[in-house]
S.K.: 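I am attaching a structure below and will ask some questions about it afterwards.
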Amino acid sequence: MNDRSTVLAEQASNQPPLLVGYNAWALDPILRAAVEREGGGWIAERAHQLGELVGGERMQLLAEQANRHLPQLRTHDRYGERIDAVDYHPAYHELMTLAFGAGLHSLAWKARRDGAFVARAALNYLWNQAENGTSCPVIMTFAAVQVMRNDAQIKAEWEPKLLADAYDPNPVHLSHKRAATVGMAMTEKQGGSDLRSNLTSATELADGAYALEGHKWFCSAPMSDGFLTLARTGAGVTCFFAPRSLADGSRNAIHIQRLKNKCGNSSNASSEIEYHGAWARRLGKEGRGIATLIEMAHLTRFDIVVACAGMMRGALNQALHHCEHRRAFGKRLVEQQLMQNVLADLALETEAATLLAMRLARALDQSARDPRERSLSRILTPVAKYWLAKRTPAFMFEAMECLGGNGYVEEAPMARFYREAPVNSIWEGSGNVACLDVLRSMQKQPDSVAVLLSEIRAGSGGDPHLALLVDALETQLAETDDIEQRARRIVEMAALALQASLMAQHAAPAAADAFFSSRVQGDWGHAFGTLPKGARCAEIIARSSLG
């Protein structure tokens, strides 16, 4: 190869620059408006700071390193002593320091003002645009606070350090730590989501604590300082809290058997563990373990809803940036009509997901004092969790395709987004579990259906197509025969109808019209990029552009 050919081969012509140096909050008017409208606008300054971090080169490098260098298990030290340690790349620890330092786990509990859940959702939405594995310990620590308040002593001991805006990975007793995190160990080989089939046993000790014996098929974040878990007493499946380190400085008898080799969520370790007489304290009533954990599941599912919306926005940013800089057939990709259709469709999906997540955040904010909002949050959480978790994998694939081969290689964040997407549907209740929870909510709180339908009608504006969709939903709900078999269809209709209502109320006319004509009126294909004739794609794209 001659000198000129060498130079040409090394030039990166017609390649987009790296997407760095932008503020993910400042350049997202859709998110800012939703947060302000739902009552969390006071978070703007902190969100601006986090948005700068998320759009910066440092955060992106840390995310890449933490997911490329996987956690490693060391069961024993060089002297043969059992240590059950998981070693992480330094980038993971730095990400954890940034996430917990920003209060992603604590803000909703510490703010003590209206809109706290919305404000915290805004921060987690931003964080999930960049890195997702660290969200697991953030989510569990946040949600565990609710469950641990079932025991005054545990609350008094643990809550101050669970709410500390700091990260302390040292494997020592709580009394020697600046801050603490909580993990979960619920499912077992024989049951999975069927927690009532758990076989782990709990034997009461003389001091009122319990000794746990058994195996857990999935333990998330095994380097946490304590674990919420389920075990069986004479009264049935009961909730327990097992610390990793005991007061005398010894390790609790929680043995890590192996780390899971997962499809995605790579920076976060998941493991199989065994209890060999592990010391634990009971949380809640005996035999009521699953009921005790319902509040936690409600909150973790809410965080998954927010994470899905944030991941969509992160992937959309990548697709828009690439298409605004890449040229093909004499034009920039973003100027090509068919690509405009794809990008506009992805932008609509992202906006609808964002509006749904922030509306749910407001319902949680107000649920303690407003029965209507409490009923809405109960039914809407599994509805939104099911729908957004199902939409995310297809969304990631389409966004990746916008980048072509550049999106398929590991150097791009799209591969990480794509592998991460399925866990949101699998974790904290698969699609079927979420839909069955919707049916249970309808049965236990019949008013929740009326509240949901009222919420949908608030944005109908007399649109006949949305009215028809609501009528069809009511018909599905009224027909009780085989309702379980139709549960997915019912939940899908409810989610889509509420998104359409929110878009009608809060989106720009071009976006609201395109969402209605495609998703509600039915003039839509089977893939993204099939918006009907008349969709104002360029206008829709411009509202989401980082340029």
Side-chain angles (χ1 to χ4, degrees), residues 140-141 143-159 162 174 182-222 224-247 252-255 257 271-301 378 381-382 427-430 432-434 436-437 439-441 443-445:
M140 290 188 296
T141 302
V145 171
Q146 183 72 37
V147 179
M148 294 169 77
R149 288 177 173 176
N150 281 281
D151 186 288
Q153 184 180 353
I154 294 177
K155 175 183 182 297
E157 291 175 6
W158 282 82
E159 189 166 307
L162 292 180
L174 180 71
V182 172
M184 290 195 301
M186 304 295 175
T187 59
E188 298 182 4
K189 290 179 183 179
Q190 72 282 353
S193 297
D194 182 9
L195 298 178
R196 287 182 173 81
S197 67
N198 280 9
L199 299 177
T200 295
S201 64
T203 302
E204 190 168 7
L205 304 174
D207 63 356
Y210 289 76
L212 306 183
E213 294 281 347
H215 179 277
K216 293 296 178 181
W217 191 230
F218 272 92
C219 172
S220 297
S224 299
D225 297 295
F227 303 93
L228 290 166
T229 192
L230 293 173
R232 187 174 291 278
T233 68
V237 176
T238 304
C239 181
F240 292 91
F241 181 69
R244 182 158 60 113
S245 297
L246 302 178
N252 205 354
I254 303 171
H255 295 174
Q257 299 304 102
S271 63
E272 294 175 36
I273 63 170
E274 288 183 358
Y275 297 129
H276 293 276
W279 187 90
R281 290 155 68 176
R282 177 168 55 84
L283 267 172
K285 295 180 180 180
E286 279 195 69
R288 297 287 294 165
I290 297 172
T292 301
L293 288 169
I294 284 177
E295 287 298 323
M296 183 174 185
H298 195 55
L299 294 174
T300 52
R301 289 174 180 178
R378 287 297 183 194
T381 297
W427 189 43
E428 289 303 304
S430 64
N432 285 351
V433 171
L436 292 174
D437 281 349
L439 297 186
R440 277 191 288 271
S441 177
Q443 293 166 356
K444 292 182 178 180
Q445 295 179 302

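The model shown is predicted, which means the values in this text are computed figures rather than measured ones.
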S.K.: Over all heavy atoms of both residues, which pair between I273 and A185 is shortest? Give the atoms and the distance, please.
M.R.: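 Minimum heavy-atom separation between I273 and A185: CD1-CB, 3.9 Å.
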S.K.: Check whether D151 reaches the backbone of L283 with its side chain - one donor and one acceptor, N or O, closer than 3.5 Å.
M.R.: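 Looks like no, no N/O pair under 3.5 Å.
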S.K.: Apply the test side-chain contact (heavy atoms from CB on, under 4.5 Å) to residues K155 and M148: give CA-CA distance (whole Å), side-chain angles for both, the deciding distance (0.1 Å), then the verdict.
M.R.: CA-CA 6 Å; K155 175 183 182 297; M148 294 169 77; 5.6 Å; no
S.K.: Could E295 and R378 be called an ion pair, given the rule that one side-chain N must be under 4.0 Å from one carboxylate O?
M.R.: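 Counted as a salt bridge, because a side-chain N and a carboxylate O are separated by less than 4.0 Å.
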S.K.: Which pair of heavy atoms, one from R440 and one from V433, lies closest together, and at what distance?
M.R.: NH2-O, 4.3 Å
S.K.: We want to know whether T229 and Y275 form a side-chain donor-acceptor pair, criterion being a heavy-atom distance below 3.5 angstrom.
M.R.: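 Yes, side-chain donor-acceptor contact under 3.5 Å.
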S.K.: How far does CG of L174 sit from OG of S245, to the nearest 0.5 angstrom?
M.R.: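 Rounded to the nearest 0.5 Å, the CG-OG separation comes to 9.5 Å.
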S.K.: Counting distance only, does the side-chain N/O of T238 pair as donor-acceptor with the main-chain N or O of R232 below 3.5 Å?
M.R.: no
S.K.: Let me confirm one number: the CE-CG distance from M184 to L228, rounded to the nearest 0.5 Å.
M.R.: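 So the gap between those two atoms works out to 8.0 Å.
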S.K.: Can you tell me how far the CG atom of D194 sits from the CD1 atom of I290, to the nearest 0.5 Å?
M.R.: 8.0 Å
S.K.: Measure from the side-chain N and O atoms of S271 to the backbone N and O of C219, and report whether any donor-acceptor pair falls under 3.5 Å.
M.R.: yes
S.K.: Looking only at heavy atoms, which two atoms of A143 and T300 are closest? And how far apart?
M.R.: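 Looking at all heavy atoms of both residues, the closest pair is CB-CG2, 3.6 Å.
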S.K.: For S224 and A221, work out which heavy atoms get closest and say how close.
M.R.: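 Residues S224 and A221, closest heavy atoms: OG-O, 2.7 Å.
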S.K.: Is R149 salt-bridged to E159, going by a charged N under 4.0 Å from an acidic O?
M.R.: yes
S.K.: Can you see which heavy atom on E286 is nearest to which on G234, and at what distance?
M.R.: OE1-N, 4.4 Å
S.K.: Under the side chain to side chain donor-acceptor pair (under 3.5 Å) rule, collect the residues that match up with R281, sequence neighbours excluded.
M.R.: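 R281 satisfies side chain to side chain donor-acceptor pair (under 3.5 Å) with E157 once adjacent residues are dropped.
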S.K.: Looking at OG1 of T233 and NZ of K285, how far apart are the two atoms once the value is rounded to the nearest 0.5 Å?
M.R.: 13.5 Å
S.K.: Hey, what's the ring geometry for F241 with W158, parallel, tilted or perpendicular (30° and 60° as the breaks)?
M.R.: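 Answer is perpendicular, since the angle exceeds 60°.
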S.K.: Kindly give the heavy-atom pair with the smallest separation between L212 and A231, and that separation in Å.
M.R.: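 Result for this residue pair: CD2-CB, 3.9 Å.
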S.K.: What's the spacing between L299 CG and M140 CE if we round to 0.5 Å?
M.R.: 13.5 Å
S.K.: Please walk me through it: do F227 and N252 pass side-chain contact (heavy atoms from CB on, under 4.5 Å)?
M.R.: CA-CA 11 Å; F227 303 93; N252 205 354; over 6 Å; no
S.K.: Could you please spell out the steps behind the side-chain contact (heavy atoms from CB on, under 4.5 Å) verdict for V182 and L162?
M.R.: CA-CA 8 Å; V182 172; L162 292 180; 3.5 Å; yes
S.K.: Looking at SG of C239 and CE of M186, how far apart are the two atoms once the value is rounded to the nearest 0.5 Å?
M.R.: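 Answer for the SG-CE pair, C239 versus M186, is 5.5 Å.
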S.K.: Could you tell me which residues satisfy side chain to side chain contact (heavy atoms under 4.5 Å, CB included) with E188, sequence neighbours excluded, listed by chain and number?
M.R.: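 Counting only residues at least two positions away or on another chain, E188 forms a side chain to side chain contact (heavy atoms under 4.5 Å, CB included) with Q190, N198, L199, T200, K216.
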